[in-house]
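Here the structure is laid out as structure tokens; the discussion comes afterwards.
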Amino acid sequence: MSDFRRSVGYQIYPKSFCDSKGDGRGDLKGVTSKLDYIKELGVDYIWLTPFFVSPQNDNGYDVEDYYNIDPRYGTMEDFEELAAEAGKRGIRLMLDMVFNHTSSRHEWFKKAMEGDEKYKNYYIFRKGKAPGVPPTNWESKFGGGVWEYVEKFDEYYLHLFDVTQPDLNWDNEEVRKELQKVIRFWMGKGVKGFRFDVVNLISKSVYEDDYEGDGRRFYTDGPNIHRYLRELNAATFGTDTEIITVGEMSSTSMENCYQYGNGDGKELSMVFSFHHLKVDFMGNEKWVLVPADFQKLKNILFSWQKGMQEHDAWNAVFWCNHDQPRVVSRFGNEGRYWKASAKMLAATIHLLRGMPYIYQGEELGMTNAGFTDISQYRDVESLNHFRILQDKGLTEADAYRILQVHSRDNSRTPMQWTAGKNGGFTNGEPWIEVNKNCDRINAEAELADPDSISIFTGN
Ligand code: TEU
């Protein structure tokens, strides 16, 4: 049995971590070059966000080929070197499996679009309710509807995320078998950890209009979800007790998480849930400006700690990831109390029951991006909502204010290594701007500081 209940995770978003080639994007060799730094933090597992072949419309969460590495990130040899070097330092790798959807460039989807029935059944195609009316009124997580019309079939396909991320049909056993093969392939490379992207959305139930919400109640924690996870577990990672898994559970319930992350090990080792990161939303609506409700935050953390403990289930505990703004800017302070609040937030994570995950740069107290022009943003969700907010009647200035607080790009600016050019991230032109405060907030300064934030973030 892995001792993950005593482990610390560190999340790397390779595109923004360290560029070894000078093309402005981070890569696997860059990660390898920083392993000593990561080791020094006391990390046991590195979760790497997807580096598989992808058109990168959603920075790799749109996978075209699960078996190969996107040349932008390096080669299979680079991956093997990274795994070996990490292993030498007692660090294990956790790969990110995006199984709710593929890229529309995946060969399965291409065949589906050619009309091959076998592959159409890998995805979710449906007739409209009436000419020009999609099957349901659900809203995409990235804005707009979830159905894309395909004229030659007179049918729509489902995409809960971007139009280039068609949802897979998990009710088709062949799909489930294909995805098991992917896990076995990476297990064969010695991988000892998996993170499953939005995995509680894989079991859809009824396709009905939602008059109370955006549709999520019809596809979240769906009717076969526990069965599918148990099946995946038994057929793949469950055969190796050293492997640990974490499921990203979007809008989930605690009752479901008692099972997803139960100590019986039949489903997953632990869960990421997000209720504590919606205390500055209005209900489920994130594109608004409301002050964080700290009483609510405390209540949520408390009830999840207690509930999960009572049911012998394990949380992944975290403030930051590549989808969330920087926590020091969000719940702490960027000014006078910058360091004190960063330490307080780090200490909170490490004192909770669960496996702490530190997102690259969190240990330095990295802050939100501070972008002031839409040309600085890269994320598909931010770009869509900048337009949607203005279509709803907000001024451009208001749309900017909301993006500055909530955009996912806040956490995607490059890791700040030094006070030098581009914060030491790249010699080239960074794919997204480096935060100007890299002259002050950077790993070099942190390591030289006896009173650093990072002493609070390790094992
Ligand atoms: O995110 C899932 C998800 O629903 C959110 O975190 C989402 O980004 C947020 O609700 C938008 O406001 C995962 C990945 O972590 C994310 O990067 C991907 O874009 C998404 O799945 C699709 O694969």
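Counting from 1, the numbers follow the sequence of the chain as shown. This one's a predicted model, so the numbers in the text were calculated from it and none came from an experiment. Whatever order the structure lists ligands and atoms in, that order sets their numbers, starting from 1.
- Applying the side chain to side chain donor-acceptor pair (under 3.5 Å) test to Trp47 and every residue at least two apart in sequence or in another chain returns Asp96.
- Residue contacts with ligand 1 leave out His406, since none of its heavy atoms falls under 4.0 Å from the ligand.
- When only non-hydrogen protein atoms are considered, atom 6 (O) of ligand 1 lies nearest to Asp323 OD2, 3.1 Å.
- Side-chain atoms of Tyr119 and His106 include no donor-acceptor pair closer than 3.5 Å.
- Taking a cut-off of under 4.0 Å to the non-hydrogen atoms of Arg195, the atoms of ligand 1 that pass are 15 (O).
- For atom 7 (C) of ligand 1, the candidate residues are His101, Arg408, Lys141; the nearest heavy-atom contact is made by Arg408.
- Ring geometry for Phe17 against Tyr10 counts as perpendicular: the plane angle is over 60°, on a 0 to 90° scale with 30° as the lower cut.
- Every residue two or more places apart in sequence or in another chain was checked for a side chain to side chain donor-acceptor pair (under 3.5 Å) with Asn368, and none qualifies.
- Taking the six-membered ring for Trp and the full ring otherwise, Tyr157 and Tyr123 have centroids separated by 6.0 Å or more.
- Close approach of ligand 1 to Lys286 (heavy-atom distance below 4.0 Å) involves ligand atoms 11 (C), 12 (O).
- Residue contacts with ligand 1, taken as heavy atom pairs separated by less than 4.0 Å, do not involve Arg216 at all.
- Proximity of Glu178 to Lys181: side-chain heavy atoms (C-beta onward) are separated by under 4.5 Å at one or more points.
- Ring planes of Tyr66 and Phe99: perpendicular class, angle over 60° (limits at 30 and 60°).
- Protein heavy atom closest to atom 18 (C) of ligand 1, with residue, atom name and distance, is Asp58 OD2, 3.3 Å.
- Side-chain contact between Phe331 and Asp280: present, with at least one pair of heavy atoms (C-beta onward) separated by less than 4.5 Å.
- The shortest N or O to N or O distance between Glu248 and ligand 1 is under 3.5 Å.
- The nearest heavy-atom contact from the protein to atom 2 (C) of ligand 1 is Val198 CG1, 3.2 Å.
- Residue contact check: His322 has heavy atoms under 4.0 Å from atoms 14 (C), 15 (O), 16 (C), 17 (O) of ligand 1.
- Looking from atom 20 (C) of ligand 1 to the surrounding protein, the closest heavy atom is Phe161 CE2, 3.8 Å.
- By the 4.0 Å N-to-carboxylate-O rule, Arg92 lies too far from Asp44 to be salt-bridged with it.
- Taking only non-hydrogen atoms, the option from Arg412, Lys278, Glu381 nearest to atom 11 (C) of ligand 1 is Glu381.
- By the criterion of a heavy-atom distance under 4.0 Å, the side chain of Phe142, and not its backbone, is placed next to ligand 1.
- For atom 13 (C) of ligand 1, the closest non-hydrogen atom on the protein side is Asp197 OD1, 2.9 Å.
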